[in-house]
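Worksheet for the structure shown next.
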Amino acid sequence: MFDRSEMMESLQNGLSEVTFNKINGDVRVMTCTLDDTIIPADFLPKTSAMLDAVEVPQTIIKTYDVNAEGWRSFRVENVTNFRTV
């Protein structure tokens, strides 16, 4: 199992590739980030309060998918591979 805090740190410092099982059973590979120097300005939260506005369980990570050009999330327990790109 992958460590949530290590994944968060990696996401905040650049691009990462996450492979995970979706709820419907499909496998998804996503290139994503939480690095505000990579996320387009139009997609950046206006304030840090906006990130905190929606309570997200610690079992879920919200991140910006650079290929889909939007915010996505995945469950930590469903991650099968995680690497820095």
May I ask you to check whether over 12 heavy atoms, not counting those of Arg28, lie within 6.0 Å of atom CZ? yes

Under the criterion side-chain contact (heavy atoms from CB on, under 4.5 Å), I'd like the reasoning laid out for Glu69 against Tyr64: C-alpha separation, chi angles, the key distance, then a yes or no. CA-CA 7 Å; Glu69 298 179 344; Tyr64 182 79; 3.6 Å; yes

Going from CG on Asn21 to CZ on Arg75, what distance comes out if it is rounded to the nearest 0.5 angstrom? 12.5 Å

Pick out which of Asp35, Thr84, Thr33 makes a side chain to side chain donor-acceptor pair (under 3.5 Å) with Ser10. Thr84

I need the minimum non-hydrogen distance between Asn67 and Asp65, along with the two atoms involved. N-OD1, 2.9 Å

Is there side-chain contact between Thr63 and Met30, with at least one heavy-atom pair below 4.5 Å? yes

Least distance between heavy atoms, Phe20 atom then Val79 atom: CB-CA, 3.9 Å

Say you draw a straight line from CD1 of Ile38 to CD of Gln12; how long is it, rounded to the nearest 0.5 Å? 12.0 Å

Minimal non-hydrogen separation, Met8 against Ile61, with atom names: SD-CG2, 3.7 Å

Can Val27 be reached from Val76 by stepping across I, L, V, M, F, W or Y side chains whose heavy atoms are under 4.5 Å apart? no

Looking at Cys32 and Val18, what are the two nearest heavy atoms and their distance? SG-CG2, 3.7 Å

Side chains of Lys62 and Phe74: does their closest heavy-atom pair fall under 4.5 Å? no

Between Leu34 and Trp71 the two heavy atoms that sit nearest each other are CD2-CZ3, 3.7 Å

Is there a side-chain contact between Phe82 and Leu11 (heavy atoms, below 4.5 Å)? yes

Side-chain heavy atoms nearer than 4.5 Å, only ILVMFWY residues, links allowed to pass through others: does that put Val29 and Val66 together? no

Other residues, nucleotides and ligands only: do more than 12 of their heavy atoms fall within 6.0 Å of CD on Glu9? no

Would the distance check show the side chain of Thr19 and the main-chain N or O of Thr80 forming a donor-acceptor pair, the cut-off being under 3.5 Å? no

